[in-house]
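I have placed the structure first, in the form of structure tokens, so that the comments after it can refer back to it.
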Amino acid sequence: MPLICFSSPKGGVGKTTLAAHLAAILAARGYETIALDLDPQNSLRLHLGIPFREEGGLFSDPPRPWRETVRGAAPRLRVLPHGALDPRRSMRLQADLLDAPERIAGPVREMLELPGTVVIVDCPPGSSGGLSALVPLADLLLVVLLADAGSAAMLPQVASGRVLGHGTLSNRLSAKLAMVLNQVALDQPLSKAVLSAAARTVGDRLIGAVAQDVNLGEALAQKRLLLDGSEGGAAEDLQMLTDAIVQRLGLTPAAPGGARRDYAALSDWGLAE
Ligand SMILES: Nc1ncnc2c1ncn2[C@@H]1O[C@H](COP(=O)(O)OP(=O)(O)OP(=O)(O)O)[C@@H](O)[C@H]1O
Ligand SMILES: [Mg+2]
């Protein structure tokens with residue numbers, strides 16, 4: 001099953017927010033999903049309900065196998081936190097992942113071998129050892145940019161597939177690269193202009209656009225995710241982004257007739273199918 005990596009040359013553009021939502025929406029639609037955090041900020045777990053004080057993860061010291069580190073977040077949704085690391089260890093880890101890509105590629109290959117499992121990875125901004133280790137395995141590399149001038153300047157590099165640099169890494173990822181424009185505000189002329197420029201410049205690589213929406217900004221503070229697309233705004237855009245990704249990757253429907261529902265009480269009573 002597929003590996004989807006969220007990345008960006010820029011920080012603070014919504015990678016973690018979008019990765020968490022895509023993972024939760026896919027799980028709600030019936031796909032077995034693992035959300036993997038490769039960013040030493042260790043923040044993906046917070047979006048998925050892991051308590052702030054529980055800082056352990058895949059790269060914590062001492063290392064533990066991923067199967068012992070993975071946490072249940074919701075039905076069909078598991079999260080593999082990065083784990084808190086001091087800055088020196090964190091820098092060393094990046095170098096290790098470059099020199100020994102199997103350290104992360106091995107566990108991810110095992111996750112992808114689990115039946116019907118989608119793996120979603122949240123990468124740190126810019127190039128990183130983890131991203132370079134996973135590019136050969138990835139099916140889709142989602143570059144997140146904002147609907148602002150700084151991001152607009154990067155559109156030609158998205159179009160050429162060289163947004164994360166030149167050389168072997170960018171050549172390998174070019175075919176897998178798609179872009180999401182985040183925080184689009186259609187009532188703001190600049191935002192509208194960047195959306196049009198993105199559609200013109202990167203063409204088919206533009207896989208989705210997500211509205212600037214205070215509800216999405218506040219979701220983490222409210223310990224909730226925007227999973228109900230009928231709310232409109234970013235929630236609806238996230239559902240459409242998920243549709244586009246499912247289509248691009250040719251994912252087979254997880255549960256015929258829509259998402260499987262969970263009737264927790266029936267499970268407790270031993271009556272669930
Ligand atoms: N569509 C949106 N509308 C409003 N706010 C948003 C939207 N998307 C993300 N945000 C807010 O933008 C901020 C940055 O989001 P997030 O942490 O997901 O970015 P990031 O790219 O993962 O950052 P970093 O590079 O630090 O890992 C957060 O406060 C988030 O709530
Ligand atoms: Mg992040």
Side-chain angles (χ1 to χ4, degrees), residues 4-25 35-50 52 55 57-59 73 79-85 87 90-91 93-94 120-131 134 141-148 150-151 154 158 163-165 177-188 190-192 194-195 198 206-229 231-242 244-245:
I4 303 168
C5 296
F6 277 83
S7 176
S8 180
K10 286 181 163 286
V13 291
K15 298 178 292 297
T16 305
T17 306
L18 299 187
H21 279 83
L22 176 66
I25 292 170
L36 163 62
D37 192 357
L38 289 190
D39 188 335
Q41 286 183 63
N42 199 23
S43 60
L44 180 64
R45 74 202 161 100
L46 300 176
H47 292 255
L48 298 174
I50 305 294
F52 183 71
E55 292 190 316
L58 188 60
F59 300 112
V79 56
L80 202 48
H82 181 284
L85 272 188
S90 178
M91 282 189 277
L93 173 65
Q94 290 307 316
I120 294 170
V121 182
D122 182 28
C123 294
S127 351
S128 62
L131 179 63
L134 293 186
L141 180 79
L142 286 172
V143 170
V144 183
L145 289 176
L146 294 180
D148 66 11
S151 285
M154 298 191 160
V158 175
V163 69
L164 291 170
L177 193 147
M179 187 188 116
V180 184
L181 200 63
N182 190 25
Q183 301 220 29
V184 176
L186 289 177
D187 57 345
Q188 291 170 21
L190 172 60
S191 198
K192 244 169 99 172
V194 175
L195 178 60
L206 183 63
I207 196 166
V210 178
Q212 185 172 62
D213 185 340
V214 68
N215 291 313
L216 194 53
E218 288 180 350
L220 177 59
Q222 294 165 341
K223 285 194 170 179
R224 74 182 190 115
L225 293 170
L226 261 54
L227 301 182
D228 181 1
E231 290 181 39
E236 190 179 357
D237 294 337
L238 289 163
Q239 295 289 338
M240 288 168 67
L241 174 65
T242 308
I245 291 168

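Just so you know, ligand 1 is whichever comes first in the structure, and atom 1 is the first atom listed for that ligand.
For atom 1 (N) of ligand 1, the nearest non-hydrogen atom from the set A219, G14, A211, A234 comes from A211.
For atom 13 (C) of ligand 1, no protein heavy-atom neighbour is found at a distance under 4.0 Å. In this structure, atom 29 (O) of ligand 1 has its sub-4.0 angstrom surroundings free of protein heavy atoms.
Remark: ligand 1 and N182 share an N or O pair separated by less than 3.5 Å (distance only, no angle test). Ligand 1 has an N or O atom lying under 3.5 Å from an N or O atom of V13, backbone or side chain. The distance criterion of under 3.5 Å between nitrogen or oxygen atoms is met by T16 with respect to ligand 1.
With a 4.0 Å cut-off on non-hydrogen atoms, E218 does not touch ligand 1 at all. Looking at D39 against ligand 1, only its side chain comes within 4.0 Å, counting heavy atoms.
Judged by the shortest distance from any of its heavy atoms, L220 lies outside the 4.0 Å radius around the atoms of ligand 1.
For residues 13-22, the pairs satisfying side-chain hydrogen bond (donor to acceptor under 3.5 Å, both in side chains) are T16-D122, with sequence neighbours left out.
At least one N, O or S atom of T16 sits under 2.8 Å from the Mg ion (ligand 2).
Judged purely by atom type and a 3.5 angstrom limit, E236 has no side-chain atom pairing as donor or acceptor with the backbone of D228. Although no hydrogens or angles enter the test, the distance criterion places no donor-acceptor pair under 3.5 Å between the side chain of Q94 and the main chain of S128. Proximity of a side-chain donor or acceptor of S151 to a complementary backbone N or O of L145 within less than 3.5 Å is not detected.
Atoms CG and CG, from L58 and N42 in turn, are 10.5 Å apart once rounded to the nearest 0.5 Å.
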